[in-house]
Every structure is written in structure tokens, then in C-alpha cells.
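To keep things clear, I will list the structure first and then write my remarks on it.
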Amino acid sequence: MKRIALLKERQATAASNGRTASTGSHCPASGLWSPEADPHTVLSFFEGHVFPAFDGVPTVWRRRTMGVVSSN
């Protein structure tokens, strides 16, 4: 059974498409994620994992699609 906190977060992220999350928040879905500051860095996180800072700085994490890396 999922914890209520995760269910509430899932509902909130579903409203925002679940494509971004910030440092300190729980991962809404397992998969590949990249920090907004460096889209070429791709890390794997499991659902419920707390997103870390990137290079010691709080960041926004973006969910990746397999084989797609933006050129921004």
C-alpha cells in the first residue's frame, strides 16, 4: 500500500504532468531524470526517492524519454 504522502504528491505532479520535480521532493515515477542546468547528465531514480542537489546546488529535475536529450 502506498503512503498517503506519496499519493498526494502523485496527484499534485499528475496535474503538472509529472515531468519536473525539485531537489528535496520525492520522485513521482521511476525513470531517467536530468538536472535542468545540465540536460546531458542523465540519472536513474526510483519512485519515492528524494531528489538530491546537483553539483551542490538545489535544482529542478526533468524526466527524460529514452534516447531523447534536448540541445538547450
Side-chain angles (χ1 to χ4, degrees):
M1 180 183 303
K2 299 259 185 219
R3 290 187 1 241
I4 292 173
L6 279 180
L7 290 175
K8 287 180 183 177
E9 183 171 326
R10 257 190 162 179
Q11 291 168 348
T13 56
S16 69
N17 229 3
R19 305 283 299 160
T20 62
S22 58
T23 295
S25 65
H26 291 268
C27 180
S30 298
L32 301 175
W33 294 78
S34 293
E36 214 169 53
D38 185 2
H40 295 289
T41 298
V42 180
L43 300 172
S44 177
F45 293 102
F46 292 102
E47 182 178 347
H49 184 91
V50 177
F51 283 110
F54 180 70
D55 283 341
V57 178
T59 190
V60 172
W61 291 89
R62 238 176 237 295
R63 185 140 191 231
R64 308 309 312 197
T65 304
M66 291 291 281
V68 177
V69 177
S70 67
S71 60
N72 293 349

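All figures in this text were calculated on a predicted structure; none of them were measured in a lab. Here, residue 1 is the first one in the sequence, and each next residue gets the next number. Only this structure's heavy atoms are used, side chains among them; waters, hydrogens and symmetry mates stay out.
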Original post:
Step by step, would you call F46 with C27 a side-chain contact (heavy atoms from CB on, under 4.5 Å)?
Top reply: CA-CA 7 Å; F46 292 102; C27 180; over 6 Å; no
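- Note that the CZ atom of R62 and the CD atom of E36 stand 4.5 Å from one another [nearest 0.5 Å].
- In this view, T41 and D38 satisfy the side chain to side chain donor-acceptor pair (under 3.5 Å) rule, not counting sequence neighbours.
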Please tabulate, for side-chain N and O atoms in residues 50-61, each donor-acceptor pair with protein atoms closer than 3.5 Å (sequence neighbours left out).
residue : atom : partner : partner atom : Å
W61     : NE1  : P52     : O            : 3.0

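- Note: L32 CG to R63 CZ = 8.0 Å, rounded to the nearest 0.5 Å.
- Closest heavy-atom contact between S34 and R64: OG-CD, 2.9 Å.
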